[in-house]
> 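First the structure, then my questions, so here it is.
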Amino acid sequence: MTTLKPCLDCGTPAAASRCPDHARAHRNRQVGSARARGYNRTWDKLSTRLRKLSPLCEQCGATDNLQLDHKPSAWLRKAAGKTIRTRDVRVLCRRCNVTAGKARPDEDQGTSTPAKAPGLRGKPHSQLLTQESAL
């Protein structure tokens, strides 16, 4: 049995700190919307195309909630002004993608940031994905 508590924004009973309606808005205020982080129309097209070509999660074989995940090489190529290649990304389910954590290299050390690191590290996605035609 889950204990419900009031949403911090509206007071509606919820299982988490915020009701589903306010949870997404709160996350967008913290890290920025997907568009603000650089996930543009070109990224959407690449993601759609690769998820059609590979309809299974590469780690667990799931077919639900598939997403395109960046390998660290994708961020390194974008930072160098190069295009993201299909071998720089992989199709994962949401659960495996979240478990994999952030692939973006840390700005100072050139290493991947930990999955649970607070806030955004390195360059914001919007700086790395500025050229739509590069994908």
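All heavy atoms count here, side chains included; hydrogens, waters and symmetry mates do not. In this text, all values refer to a predicted model and were calculated from it rather than measured experimentally.
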> Rounded to the nearest 0.5 Å, what separates atom CG in L4 from atom OG1 in T12?
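Nearest 0.5 Å value for the CG-OG1 distance: 11.0 Å.
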
> Hey, could you give me the CG/CG distance between L56 and L66, rounded to the nearest 0.5 Å?
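Taking CG in L56 and CG in L66, the distance rounds to 7.5 Å.
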
> Which atoms form the tightest heavy-atom contact between D88 and S73, and what is the distance?
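Residues D88 and S73, closest heavy atoms: OD1-OG, 2.9 Å.
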
> So how far is it from R77 CZ to K71 NZ, rounded to the nearest 0.5 Å?
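Answer rounded to 0.5 Å: 12.5 Å.
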
> Drop me the distance from H26's NE2 to L8's CG, to the nearest 0.5 angstrom.
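The CG atom of L8 is 8.0 Å from NE2 of H26, to the nearest 0.5 Å.
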
> Hydrophobic clusters here meaning ILVMFWY residues chained together by side-chain heavy-atom distances under 4.5 Å, can you tell me if L53 and V89 are in one?
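Yes, L53 connects to V89 through the hydrophobic network.
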
> Counting only heavy atoms not in R24 (residues, nucleotides, ligands), do more than 12 fall under 6.0 Å from its CZ?
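No - once you tally the heavy atoms of other residues, nucleotides and ligands closer than 6.0 Å, there are 12 at most.
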
> Out of K45, R51, R49, which one pairs with S47 under the side chain to side chain donor-acceptor pair (under 3.5 Å) rule?
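Of all the options given, the one that passes is R51.
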
> Working to the nearest 0.5 angstrom, can you tell me the gap between C10 SG and D21 CG?
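That separation rounds to 7.0 Å.
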
> Quickly, which of R95, R94, R90 forms a side-chain contact (heavy atoms from CB on, under 4.5 Å) with L92? Name it, please.
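Option passing the side-chain contact (heavy atoms from CB on, under 4.5 Å) with L92: R90.
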
> What pair of heavy atoms forms the shortest contact from C57 to C96, and how long is it?
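The answer is SG-SG, 3.7 Å.
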
> Given the rule in the side-chain contact (heavy atoms from CB on, under 4.5 Å) test, do L68 and V91 qualify, once you have shown the distances and angles that lead to the verdict?
CA-CA 5 Å; L68 200 59; V91 176; 4.1 Å; yes

> Measure the spacing between CD of Q59 and CG of N97 and express it to the nearest 0.5 Å.
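Reported value, rounded in 0.5 Å steps: 9.0 Å.
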
